[in-house]
Amino acid sequence: MPIFRSEEMVLCQFFLQSEASYACVSELGELGLVQFKDLNPNVNAFQRKFVNEVRRCEEMERKLRYTEKEIRKEKLKLHDQGENPRAPAPKEMVDLEAKFEKIESELREVNTNNEALKKNFQELSELKEVMTKTQMFFMAHGEDLHSIVDDAHRAMGQEDTGIVTATQGSVQLGFVAGVIPREKVPGFERLLWFACRGNVFLRHESIYQALEDPVSGDPVYKDVFIIFFQGEQLKNKVKKICEGFKASLYPCPETPQERDEMLRGVNTRLEDLKTVLSQTADHRHRVLVGAQKEIRTWIIKLEKIKAIYHTLNMFNFDVSQNSLIAECWCPSSALNEVRTALKNGELLSGSTVPSIVQMMQTKKKPPTFFQTNKFTKGFQAIVDAYGVASYTEVNPALYTIITFPFLFAIMFGDAGHGIIMFAFGLFMILNEKKFTRQRSDNEIWNTFLGGRYIITLMGLFSIYTGMIYNDIFSKSANIFGSAWRMGDYNETTTLSEYEEYTLDPIYFFRNGTPYPFGIDPMWQPAKNKIAFLNSLKMKLAVIVGISQMLFGICLSLFNHLHFRKYLSIFVEFIPEVIFLGCLFMYLVGLIFYKWVTFDASESQCAPALLIQYINMFMFSSKLPNSTASSGALVPCSQVTFYPNQQTLQYVFVICAVLSAPVLLLVKPLVLRSRHNRKMLLSGRAPGVKSTEALIPNEVTAEEEWAYSHRLQRMQADGNTVSRSVNSEDEEVPHNGPTSIFLVEEEEDDFEFGEVFIHQAIHTIEFCLGCISHTASYLRLWALSLAHAQLSEVLWQMVFSLSLKMDIAYIGGIAVFALWFAWANLTIAVLLLMEGLSAFLHTLRLHWVEFQSKFYEGDGVNFAPFTFKELLKMDSLEDLK
C-alpha cells in the first residue's frame, strides 16, 4: 500500500456492449476503483440516453421516501443489519416499481381513511364536550334564557345593557354552541362585543383534555362556547364571526331530555369509532412493520440502480457497434481487478461479446489516490484539509503519523493528562465497531470517533513527554532518586522545610549520575524552576523546529529527483540547505556545543547565544580579553568561545547571503536560455509565437512531428495507435504493453517575466519564512509552559485546599467535593480547551512551517464510482 507517493494512475477506455454495460458498471461500482469521465459535458441532462430510467428511479425514490416518513412517524427504527444487496437487474425494476406502488397506495388509502375517521372522532368528541358543558351550564342557571341574561346583567352591574328588558316577555332569545381554538378566544370575544354592540351574551369554558389533530396528530386545545342573542340579524352576525374564526358550530337541543338523548347517541358512536380506529391503526402498523424489514435493502438497491444509470449517462453511445464507450481513471495496480469485474459483468448479463479495455496516453494530470486504512485515514485527512497532494509528489501524511502527535505532546506534556487522553482514544478503538454501527447524529462525537487513532497517539506521546518533563497532574514523581542534595537533606526529610529554595548545581548537585530519565523531581518545588524550564523548553523548541524544517527541505529533493527536475536540485535545493544550515542549523550546533562544553563551574562564562547570534550578523564578534568602546572588558559570556569562531561565522553569513541571489536568478536565466535554444533549433526566432492554428482543427508542424514520433515508437513495439473519443488524448490499445507512463506536458509559451516573478516570490518566502517559521516554533515552548502553569494553578487553588483541611467528619466530604471540581475543570479546561488549542497549533506548524518546504498540494482527489458510501446512509434524507 503506497503512502510515500500516490498510486500510479492510468487513463483507460472501455468498449462495453449495450446489453452488458449495466452489469459491468454494477461490478465496477462494487469494486470502487474507477473514476469515470463525463464524455458528454455539453449534453443537457434531459437529453441523455438513460434519462427515462433515472426518472423512474426518482419516482421510486419519492415513494420510498414517503414510506420511510410513515415508518418514522410510527416511531419505528430502520435497523442496519450490514446488508449489501447487489444491484438488481434492469428487468427487476418493474417488480420494484409495482411493489413500491402497492405499498404507497395501501398506505395512502389507510392514511386517508384513518384521517377521515379521526376527523369524525374529533367532531364527535367536540360535540360531546358541547353537550356536556351546555347541560352543566343550564343545570347551574336554569332553563329560562331570560333569567340567565338577567343574572349576567346583575353580575356585571349594568343598568343599560343594550337589551330591552321591558319586552323580554315578547322576544324569543336564541343561542348557538360550538368549539373554538383556545388562543382565539380573546379576539373572538372582543369582536362579538363590538360587532353586536353588546347585544349578545358569551360564555366559554376550556376543554381540559387535549384533542388530536386528525392530519398532523399534534395536540389541539379548544374551548366550548355558548352565545345568547335575540333576532335573526344577530344570529347571522354571530354565525359569520364564528366562520371567520374557524369555530365549529354544533346543534344543541333546547330541552334537557333531547340533550341527554343526543349525548347517549354520541357516546355510542364514539365507542364504535374507537374500535374502528384501533383496527385501522393495527392494520397500518402491520403494513409499516412489513416495510420496515425491507426498506433499507430497497433503498440500497434503488440508489445503486440510480447511480449506475447516472454513470451510464456519462458514456458515449456508438450506434454502429451497438456499444458504449467510457473513459476512466484507475490505479495501474488494479487493472487486473477491473478486467475481472468486467468479465463478471459479462457473465451476469449473458453477453457473448467481450468488453475491450484500452490504456491511453494523456497529457492531463491524473487524480491523486492514496489507499488508506482506518489508522492512516485520519492523518491523510489532516493533510488533505490543507490541499490534496499533486500527482506522485511526496505525501506528508507518512511523517505526520509521528510528527503530529509528537509536536502536540511537546505542548501538552503531562503524563496524567496523557493517560486520560490515551484511555479515551483506546476506549473508542476497542468499541469502534459498536460506535460505527450506531451512527450518531452528534457531530462532535463523530469527529472524536473519526480521529480516535490520532487521539490515542497524542495521548501516548503526551505520556512520554510528560515523563520527560516529570509532570503528572502538575506533580513530579521521584522514581530513580534525586541527584540533588540540600544541606542536611536526607531521605526522611520533608520537603515542606525547603519550600523556598533555589537549586544551584555548584552547591547542591551530587557528583554522580544525573536523573536517568527526564527532569529531576527536585526542580518541582524550586524557586528557579520556571527559569530553568523556560531555558530548556525554548532551546528544545528551536531544535525541533529547525530540524523539521530541514527535513522538509530534504523531502523536496525526492520530489526533484522523481519529477526529473535536476536543475531545481542545484539552484533550489542546495541553496536552501546552505541558507538554512549556515544560519539556523549553526544555531542548533551552538546549543549542543554549549550543553556539552560548559558545566556549572563555568556557568558565568557560558555564552549568551542570543548576543552571540546578533554579533554574528553584525560581524562584531569579540575575542577573549577584548575591551568595549567604553574601555571596560567585554563580559566573557559575549566573547568567542571556540577557536576560529569569528572566521567560521563570517563564512557562514557570506554563504547564506550568496545563496539568496543564486536561488533568485539562476533558475529563470537557465530556463530562458533553454527556451531560446529550443526556438533556434525549431527554426523560429526567440519570442515569436506564430505556431497557433489558423483554421479550426489545423494540425501544426510541432503536433504532427510529435504524433509521428510517438507513432513510430509504438509501431516498433508492435502496437497501433487510435484517437480518443474526444480527440484530446491518445490511446495505447489493450493488446499493447501494460506499463503505464505519462507524456510530458507540452511546454507552454515561455514568459520570462512570469517565471522571474514566481521565483522571486519563492525566494522571498523561503528566506523570510526561515526566520518567521523558526520564531513560530517557539509556540511549542509557550504552550508547554502555559499548560504546566495552568495545571499547577488548578491543583493549588482547588484540590490542594481539601488536603490542608483538618475538619472532623466534614473533611471527607470537602475532599470529594473539591476533587470533583478539580477533575471537571481538568477535563473541561486542560483536556478539551487546552487540547484543542494545542491541536490547532500543531495543525498550523504542519501546514505552514513544515509542508511549505516541499508540498505543492494542488492535486485533485480521486473520486471513484463506488457503492460503499451508499451503505453508510441512514435514510433517503441523507441524499438531500
Side-chain angles (χ1 to χ4, degrees), residues 65-78 104 106-137 140 176-192 202-227 238-239 241-252 259 262-289 291-292 441 874-875 877:
R65 187 176 283 111
Y66 173 78
T67 306
E68 181 188 354
K69 179 182 176 182
E70 294 300 316
I71 291 174
R72 295 189 181 277
K73 187 185 294 185
E74 194 71 11
K75 297 182 179 179
L76 299 175
K77 294 184 178 179
L78 303 182
E104 186 201 23
E106 187 172 2
L107 281 176
R108 288 193 182 276
E109 183 179 358
V110 171
N111 287 340
T112 302
N113 295 335
N114 191 46
E115 184 178 334
L117 291 172
K118 282 186 176 182
K119 186 176 181 181
N120 194 5
F121 183 82
Q122 182 192 25
E123 292 175 352
L124 289 175
S125 299
E126 291 176 354
L127 178 58
K128 177 184 176 182
E129 292 292 336
V130 169
M131 292 293 102
T132 304
K133 302 293 184 184
T134 305
Q135 187 76 337
M136 293 174 59
F137 177 77
V176 293
V179 294
I180 187 172
R182 188 172 299 172
E183 64 273 8
K184 296 182 179 181
V185 170
F188 181 64
E189 190 172 5
R190 285 194 298 269
L191 185 58
L192 276 173
L202 170 67
R203 179 67 182 269
H204 63 87
E205 189 172 346
S206 298
I207 301 176
Y208 299 108
Q209 185 177 1
L211 303 174
E212 182 182 354
D213 187 274
V215 178
S216 63
D218 297 332
V220 179
Y221 297 92
K222 293 187 176 183
D223 280 14
V224 174
F225 65 86
I226 182 170
I227 304 173
V238 168
K239 287 186 175 181
I241 294 173
C242 291
E243 290 178 3
F245 278 86
K246 305 293 184 183
S248 301
L249 297 178
Y250 293 98
C252 183
R259 286 194 292 268
M262 179 178 284
L263 184 59
R264 286 193 295 270
V266 168
N267 287 332
T268 303
R269 293 177 61 186
L270 281 174
E271 292 299 325
D272 295 340
L273 270 179
K274 286 181 181 179
T275 304
V276 176
L277 281 172
S278 177
Q279 294 175 352
T280 304
D282 291 341
H283 175 65
R284 180 174 181 272
H285 184 76
R286 287 193 298 269
V287 173
L288 292 176
V289 169
Q292 176 200 15
D441 295 332
D874 288 330
S875 69
E877 299 298 325

| note | d(Leu192 CG, Ile241 CD1) to nearest 0.5 Å is 4.5 Å
| said: Does any part of the side chain of Ser125, heavy atoms only, come nearer than 4.5 Å to the side chain of Leu270, both counted from C-beta? | reply: yes
| Quick one: do Lys118 and Glu115 make a salt bridge, cutoff under 4.0 Å? | no
| Donor-acceptor contact below 3.5 Å, side chain Glu104 vs main chain Thr67 | no
| query | Can you check whether Leu263's main-chain N or O pairs, donor with acceptor, with Asn267's side chain at less than 3.5 Å? | reply | yes
| message | One pair to check against side chain to side chain contact (heavy atoms under 4.5 Å, CB included): Lys73 and Glu70. What are the steps and the verdict? | response | CA-CA 5 Å; Lys73 187 185 294 185; Glu70 294 300 316; 3.7 Å; yes
| message | Is any side-chain heavy atom of Glu106 closer than 4.5 Å to one of His283? | response | yes
| said: Run the side chain to side chain contact (heavy atoms under 4.5 Å, CB included) test on Leu249 and Phe225 for me, step by step, so that the C-alpha distance in whole Å, both residues' side-chain angles and the decisive distance to 0.1 Å come before the verdict. | reply: CA-CA 9 Å; Leu249 297 178; Phe225 65 86; 3.6 Å; yes
| message | Do the side chains of Lys239 and Glu243 get close enough for a salt bridge, i.e. N-O under 4.0 angstrom? | response | no
| Where Pro214 and Gln122 come nearest, the two heavy atoms and their spacing | CD-OE1, 3.5 Å
| Heavy-atom distance under 4.5 Å between the side chains of Ile227 and Phe188, does that happen here? | yes
| field | Closest heavy-atom pair and its distance - Leu127, Pro251 | value | CD1-O, 4.0 Å
| Just how far is it from atom NZ of Lys222 to atom CD of Glu183, taken to the nearest 0.5 Å? | 9.5 Å
| request: Could you give me the CA-CA distance, side-chain angles and deciding distance for His204 and Glu189, then say whether side chain to side chain contact (heavy atoms under 4.5 Å, CB included) is met? | output: CA-CA 10 Å; His204 63 87; Glu189 190 172 5; 4.0 Å; yes
| query | Heavy-atom distance under 4.5 Å between the side chains of Arg108 and Tyr66, does that happen here? | reply | yes
| message | Taking atom CZ as the centre, does Arg269 end up with more than 12 heavy-atom neighbours from other residues, nucleotides or ligands that are less than 6.0 angstrom away? | response | no
| Mind checking whether His285 and Leu76 have side chains closer than 4.5 Å, heavy atoms only? | yes
| said: Using the rule side chain to side chain contact (heavy atoms under 4.5 Å, CB included), only one of Ile180, Val179, Val130 pairs with Ser248; which is it? | reply: Val179
| said: Rounded to the nearest 0.5 Å, what separates atom CG in Asp272 from atom CG in Leu277? | reply: 11.0 Å
| request: State the OG1-CZ distance between Thr132 and Arg259, to the nearest 0.5 angstrom. | output: 11.5 Å
| message | As an exercise, state the distance from OG of Ser206 to NZ of Lys133, rounded to the nearest 0.5 Å. | response | 8.0 Å
| Taking the side chain from Asn111 and the backbone from Leu107, do they hold a donor-acceptor pair closer than 3.5 Å? | yes
| Are any side-chain N or O atoms of Arg182 and backbone N or O atoms of Ile207, one a donor and one an acceptor, separated by less than 3.5 Å? | yes
| task | Test Glu68 against Arg72 for salt bridge (charged side-chain N to carboxylate O under 4.0 Å, His left out), laying out the working first. | result | CA-CA 6 Å; Glu68 181 188 354; Arg72 295 189 181 277; 3.2 Å; yes
| query | Between the main-chain N or O of Lys274 and the side-chain N or O of Ser278, is there a donor-acceptor pair closer than 3.5 Å? | reply | no
| said: Using side chain to side chain contact (heavy atoms under 4.5 Å, CB included), reason through Lys119 and Glu123 one step at a time and then give a plain yes or no. | reply: CA-CA 6 Å; Lys119 186 176 181 181; Glu123 292 175 352; 3.9 Å; yes
| field | Nearest heavy-atom neighbours spanning Leu124 and Val266 | value | O-CG1, 3.5 Å
| said: As an exercise, state the distance from CD1 of Ile226 to OG1 of Thr134, rounded to the nearest 0.5 Å. | reply: 5.0 Å
